[in-house]
A.B. asks: 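Have a look at this one.
Here the structure is a predicted model, which is why all the values come from computation and not from measurement. FYI, the numbering just counts along the sequence from 1.
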Amino acid sequence: MKYRVKLDLSFDNQSDARSLMDYARNLSTKAVSINEGEVNEEIAFADLEICRHDEGLPCEKLERVEIRKLLPG
């Protein structure tokens with residue numbers, strides 16, 4: 001059994017978004033992915049994006065943290 005948190009929060013201020021991303025990155029050392037390396041794996045992640053949907057434009061990914069414990073084969 002795992003305890004999972006899913007968030008999708010938008011901020012008007014970049015420093016608020018960066019603060020949450022930094023917190024998630026620091027806490028990610030304790031996180032695990034589910035069934036890593038298997039066909040049904042669920043890789044834990046945190047994304048930081050500039051969202052421009054309110055302007056009719058797509059998001060721009062700034063940073064992604066993925067939780068991977070297995071070394072590439």
Side-chain angles (χ1 to χ4, degrees):
M1 180 173 68
K2 307 284 185 228
Y3 296 90
R4 178 179 256 171
V5 175
K6 292 185 178 187
L7 298 171
D8 184 359
L9 303 174
S10 298
F11 297 93
D12 290 325
N13 185 308
Q14 181 182 2
S15 65
D16 291 337
R18 176 62 60 192
S19 177
L20 181 57
M21 188 66 178
D22 291 344
Y23 182 74
R25 186 182 316 97
N26 290 334
L27 199 58
S28 71
T29 60
K30 296 179 181 181
V32 296
S33 289
I34 298 170
N35 300 324
E36 186 177 353
E38 305 295 326
V39 295
N40 62 338
E41 72 180 358
E42 297 178 50
I43 300 300
F45 67 91
D47 285 337
L48 177 62
E49 301 175 336
I50 296 175
C51 179
R52 293 194 171 96
H53 290 153
D54 58 334
E55 302 168 349
L57 298 169
C59 291
E60 175 187 343
K61 211 166 262 188
L62 298 177
E63 181 180 351
R64 182 177 181 90
V65 173
E66 289 189 352
I67 312 308
R68 295 185 182 269
K69 307 291 185 191
L70 296 178
L71 298 174

A.B. asks: Is the CG atom of N40 crowded by more than 12 outside heavy atoms at less than 6.0 Å?
C.D. replies: yes

A.B. asks: Could you state the interatomic distance from CG (D12) to OG (S15), rounded to the nearest 0.5 Å?
C.D. replies: 11.0 Å

A.B. asks: Do side-chain atoms of S28 reach the backbone of R25 as a donor and acceptor pair under 3.5 angstrom?
C.D. replies: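 Yes.
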
A.B. asks: Give the C-alpha distance, both sets of side-chain angles, the deciding distance and a yes or no for salt bridge (Lys or Arg N to Asp or Glu O under 4.0 Å) between K2 and E42.
C.D. replies: CA-CA 12 Å; K2 307 284 185 228; E42 297 178 50; over 6 Å; no

A.B. asks: Just checking K30: does its NZ atom have more than 12 heavy atoms from other residues, nucleotides or ligands closer to it than 6.0 angstrom?
C.D. replies: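 Counting other residues, nucleotides and ligands, NZ of K30 stays at 12 neighbours or fewer.
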
A.B. asks: Look at the side chain of S33 and the backbone N and O of R68, then say whether any donor-acceptor pair between them is shorter than 3.5 Å.
C.D. replies: no

A.B. asks: State the CG-CG distance between L20 and D22, to the nearest 0.5 angstrom.
C.D. replies: 9.0 Å

A.B. asks: By the definition side-chain contact (heavy atoms from CB on, under 4.5 Å), identify the one residue from M21, K61, E66 that meets it with D47.
C.D. replies: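 So, applying the side-chain contact (heavy atoms from CB on, under 4.5 Å) to D47 and each of M21, K61, E66, only K61 qualifies.
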
A.B. asks: So does E49 pair up with R64, basic N to acidic O under 4.0 Å?
C.D. replies: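 R64 and E49: not salt-bridged.
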
A.B. asks: Regarding R18 and E63, does a basic nitrogen lie under 4.0 Å from an acidic carboxylate oxygen?
C.D. replies: yes

A.B. asks: Side-chain heavy atoms under 4.5 angstrom apart, residues restricted to Ile, Leu, Val, Met, Phe, Trp, Tyr: same cluster for Y23 and L48?
C.D. replies: no

A.B. asks: Answer yes when R52 and E60 have at least one side-chain N-carboxylate O distance shorter than 4.0 Å, and no when they do not.
C.D. replies: yes

A.B. asks: Give, for atom CD1 of I50 and atom OG of S10, the distance between the pair rounded to the nearest 0.5 Å.
C.D. replies: 12.5 Å

A.B. asks: Taking side chain as C-beta onward, heavy atoms only, is I43 less than 4.5 Å from I67?
C.D. replies: no

A.B. asks: Hey, what do you get for SG (C51) to CG (L9), rounding to the nearest 0.5 Å?
C.D. replies: 12.0 Å

